[in-house]
Amino acid sequence: MSADEIYDVTIIGAGPTGLFAAFCAGMRDMTVKIIDRLPQPGGQLAVLYPDKYIYDAPGHSKILARNLVDELYKQSHTFAEPEFCFNQQVNSLTSKEGHFALITNAGEHQTRTVVIAAGIGAFSPKMLNVAGSEEGKEGIHYFVQDLDYFRDRRVLIVGGGDSAVDWALGTVDKARSVTLAHRRDRFRAHEGSVRDLFESKVNVKPFYELRAVSGEHKVEAATIFNNQTQAEEELPLDDIIFALGFEADLGGIRNWGMEMDPQQKHLTVNPRMETNIDGVYAAGDVTEFTYLEKQELATPQQFVGGSELSVPSQKFEEQKERWGLIVTGYAQAAVAINHAKRFISPEAKLAPGHSSEMAPATRTQTGS
Ligand code: FAD
């Protein structure tokens, strides 16, 4: 598809909710695009707890978060080929002659409907305020996807958590040299990994921090210093991997004209997962879960009319509560997408039918 093609639905966020929404859109024969600030799918599962087991994912007695992401990603290709746009943050949403335009740091996307599955916000890596360490410069890495890239290179890793230690252990047999600088002497990583680290060839530097990066267009060297003694060391380098964690921010979404809760953390949706903007839906952690609570009708005053035909004034009261679960995100994604389908094609049925009676487009990708 060309860059100005108008997609049937564009999903903001490739966490579990967004990935399942992409699957549902494929089932409804919709063209689908999915945009995420991260360079990979998975949202919170990918950046906050990839190696934890999830026990309440339907159909899996237990599954590692990273493996659930792989499965959801594969599943999203079952009935369609979603277009994934990674490393893009959606900064604005505007209405444009019968469709919407989404503006990201990399360009503009046209779409008939939008499903916001933004979770707790766009994830971005925590950065150090050290000149020369900006994202995008050659040799500066805030995400690691291909460990082979570091073959025969001189690498500095900054951080002391699981990612820092895992990347050090993952690169040490490929790289020419690996140094790990951590500002404390205690590591937050898994005990076994820390033991492996100290037994490996990684040059571990506790109490060391980054002071400067040199090299105009690409990394050439770094100055690190001991925060106890202030002693400095100059390391000739090709790459610096920052593993300082992530922060999430809903940012601009708050200014897109959508109703939110008083804390400005969740989008207000009705049971169809519609926001107050027609054609814009939301699902997953970014919403509050709406449920109906039965009211007590004990006293006669709660009836109107005053005759035998009196009816309860109100039997159920709408309540909202945050669940923050993968499984509720799935259900909300399905509801949002099917209403989006109806929005585009009013004659279409709301219910998607049974997937078991449909023919997958790409059986190999689903592993079936
Ligand atoms: P997210 O996973 O937050 O994904 C949202 C995505 O949207 C992110 O990738 C983000 O970068 C992207 N995004 C946001 N805004 C933008 C934007 N403007 N432009 C581009 N991209 C954007 N739940 C369970 O059900 N079971 C568990 O066992 C469980 N364990 C958990 C353990 C931990 C430690 C944590 C933190 C959470 C756990 N959860 C668990 C909760 C579960 O991870 C969330 O409910 C789930 O991730 C919500 O999915 P989501 O797709 O709605 O949002």
Side-chain angles (χ1 to χ4, degrees), residues 10-24 33-69 72-73 75-76 84-93 100 102-109 111 114-126 142-143 161-162 188 245-256 258 260 265-267 269 273 280-289 321-337:
T10 298
I11 299 161
I12 302 175
T17 306
L19 290 172
F20 191 65
F23 163 80
C24 295
K33 191 181 259 189
I34 179 161
I35 305 175
D36 204 296
R37 162 71 176 86
L38 292 169
Q40 63 194 60
Q44 293 174 50
L45 287 72
V47 299
L48 299 182
Y49 60 107
D51 294 309
K52 276 188 195 285
Y53 277 109
I54 296 171
Y55 298 91
D56 54 354
H60 302 275
S61 54
K62 66 172 188 176
I63 184 165
L64 276 180
R66 66 166 78 243
N67 293 344
L68 182 60
V69 173
L72 283 164
Y73 180 76
Q75 189 183 27
S76 71
F84 280 85
C85 302
F86 291 121
N87 293 310
Q88 289 193 44
Q89 176 157 344
V90 182
N91 295 318
S92 78
L93 173 148
F100 297 98
L102 297 172
I103 314 239
T104 73
N105 49 306
E108 194 169 312
H109 303 267
T111 185
V114 179
V115 173
I116 303 176
I120 52 176
F123 277 107
S124 44
K126 286 186 187 159
Y142 285 91
F143 299 95
D162 278 308
R188 295 183 315 280
F246 290 87
E247 43 203 2
D249 184 13
L250 273 185
I253 291 180
R254 296 192 179 93
N255 308 319
W256 295 356
M258 282 172 298
M260 298 191 79
K265 284 191 171 168
H266 302 102
L267 295 171
V269 284
M273 307 317 292
V280 180
Y281 303 79
D285 273 18
V286 76
T287 67
E288 276 181 321
F289 192 73
E321 200 171 302
R322 186 176 176 262
W323 279 35
L325 286 179
I326 296 164
V327 71
T328 44
Y330 292 160
Q332 293 173 338
V335 171
I337 288 293

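Atoms within each ligand, like the ligands themselves, are counted from 1 in listed order.
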Quiz prompt | P16 contact mode with ligand 1 (heavy-atom cut-off under 4.0 Å) | solution = both

Quiz item: For atom 21 (N) of ligand 1, what is the nearest protein heavy atom, given as residue, atom name and distance?
Solution: R37 N, 3.1 Å

Quiz item: Could you walk me through whether Y281 and V335 pass the side chain to side chain contact (heavy atoms under 4.5 Å, CB included) check?
Solution: CA-CA 9 Å; Y281 303 79; V335 171; over 6 Å; no

Quiz item: How far is atom 3 (O) of ligand 1 from its nearest protein heavy atom, and which residue and atom name does that atom have?
Solution: Q44 NE2, 2.9 Å

Quiz prompt | atom 26 (N) of ligand 1: nearest protein contact (heavy atom, Å) | solution = D56 OD1, 2.8 Å

Exercise. Consider every N or O of V327 and every N or O of ligand 1, then say whether any pair is closer than 3.5 Å.
Key: no

Quiz item: What are the atoms of ligand 1, with element, lying closer than 4.0 Å to any heavy atom of L48?
Solution: 36 (C)

Quiz prompt | Atoms of ligand 1 close to A117 [distance to a heavy atom under 4.0 angstrom, numbered from 1] | solution = 5 (C), 6 (C), 7 (O)

Exercise. List the closest protein heavy-atom neighbour of atom 7 (O) of ligand 1: residue, atom name, distance to the nearest 0.1 Å.
Key: G13 CA, 3.2 Å

Practice problem: For salt bridge (charged side-chain N to carboxylate O under 4.0 Å, His left out), just list the numbers for R188 and D162, CA-CA rounded to whole Å, side-chain angles, deciding distance to a tenth of an Å, and then say yes or no. | Solution: CA-CA 7 Å; R188 295 183 315 280; D162 278 308; over 6 Å; no

Quiz item: Among all protein non-hydrogen atoms, which one is nearest to atom 10 (C) of ligand 1, and what is the separation to 0.1 Å?
Solution: G121 O, 3.3 Å

Practice problem: Could you list the atoms of ligand 1 found under 4.0 angstrom from a heavy atom of A118? | Solution: 5 (C), 7 (O), 14 (C), 15 (N)

Quiz item: If you measure every N/O of I326 against every N/O of ligand 1, is any gap under 3.5 Å?
Solution: yes

Quiz item: For ligand 1, is there an N or O atom under 3.5 Å from any N or O atom of D36?
Solution: yes

Exercise. Measure centre to centre between the rings of F246 and F143, then say whether the value is under 6.0 Å.
Key: yes

Quiz item: Can you find an N or O of A122 that's nearer than 3.5 Å to an N or O of ligand 1?
Solution: yes

Exercise. Number the atoms of ligand 1 from 1 as they appear, then name those within less than 4.0 Å of a heavy atom of G284, with their elements.
Key: 52 (O)

Quiz item: For atom 19 (N) of ligand 1, what is the nearest protein heavy atom, given as residue, atom name and distance?
Solution: V90 N, 2.9 Å

Exercise. Check whether any N or O atom of G42, backbone or side chain, sits under 3.5 Å from an N or O atom of ligand 1, and answer yes or no.
Key: no

Quiz item: Of the protein's non-hydrogen atoms, which lies at the shortest distance from atom 51 (O) of ligand 1, and what is that distance?
Solution: T17 N, 3.0 Å

Exercise. Say whether Y53, considering both its backbone and side-chain N or O atoms, lies within less than 3.5 Å of an N or O atom on ligand 1.
Key: no

Quiz prompt | Side chain to side chain, V327 and D56, heavy atoms closer than 4.5 Å | solution = no

Quiz item: Taking the side chain from D285 and the backbone from G329, do they hold a donor-acceptor pair closer than 3.5 Å?
Solution: no

Exercise. Under 4.0 Å from a heavy atom of G43: give me the atoms of ligand 1 that qualify, with their elements.
Key: 2 (O), 4 (O), 8 (C), 9 (O)

Quiz item: What is the ring orientation for F23 with F20, classed by angle as parallel under 30°, tilted 30 to 60°, or perpendicular over 60°?
Solution: parallel

Quiz item: Is a donor on one side and an acceptor on the other found under 3.5 Å between the side chain of T287 and the backbone of V269?
Solution: no

Self-check item: Test item: E247 side-chain N/O and K126 main-chain N/O as donor-acceptor pair under 3.5 Å
Solution: no

Quiz item: Taking side chain as C-beta onward, heavy atoms only, is V115 less than 4.5 Å from Q332?
Solution: no

Quiz item: Taking T104 as the fixed residue, which of Q88, Q89, R37 is the one that meets the side chain to side chain donor-acceptor pair (under 3.5 Å) rule?
Solution: Q88

Quiz item: What do the steps show when you test H60 against L68 for side chain to side chain contact (heavy atoms under 4.5 Å, CB included), and what is the final call?
Solution: CA-CA 9 Å; H60 302 275; L68 182 60; 4.2 Å; yes

Self-check item: Those atoms of ligand 1 less than 4.0 Å from some heavy atom in L45
Solution: 43 (O), 47 (O)

Self-check item: Residue I12 vicinity, atoms of ligand 1 by number, heavy atom under 4.0 Å
Solution: 16 (C), 17 (C), 19 (N)

Quiz item: Heavy-atom contacts under 4.0 Å between V286 and ligand 1: side chain, backbone, both, or neither?
Solution: neither

Quiz item: With a 4.5 Å heavy-atom cut-off, do P16 and L45 have their side chains touching?
Solution: yes

Quiz item: Taking it one step at a time, do V69 and Q40 satisfy side chain to side chain contact (heavy atoms under 4.5 Å, CB included)?
Solution: CA-CA 10 Å; V69 173; Q40 63 194 60; over 6 Å; no

Quiz prompt | atom 39 (N) of ligand 1: nearest protein contact (heavy atom, Å) | solution = Y49 OH, 3.2 Å

Quiz prompt | Heavy-atom side-chain proximity of W256 to L267 below 4.5 angstrom | solution = no

Quiz item: Can you check whether D285 has an N/O within less than 3.5 Å of an N/O in ligand 1?
Solution: yes

Quiz item: What atoms in ligand 1 come closer than 4.0 Å to a heavy atom of I120?
Solution: 3 (O)

Practice problem: Report yes if G324 has an N/O atom closer than 3.5 Å to an N/O atom of ligand 1; otherwise report no. | Solution: yes

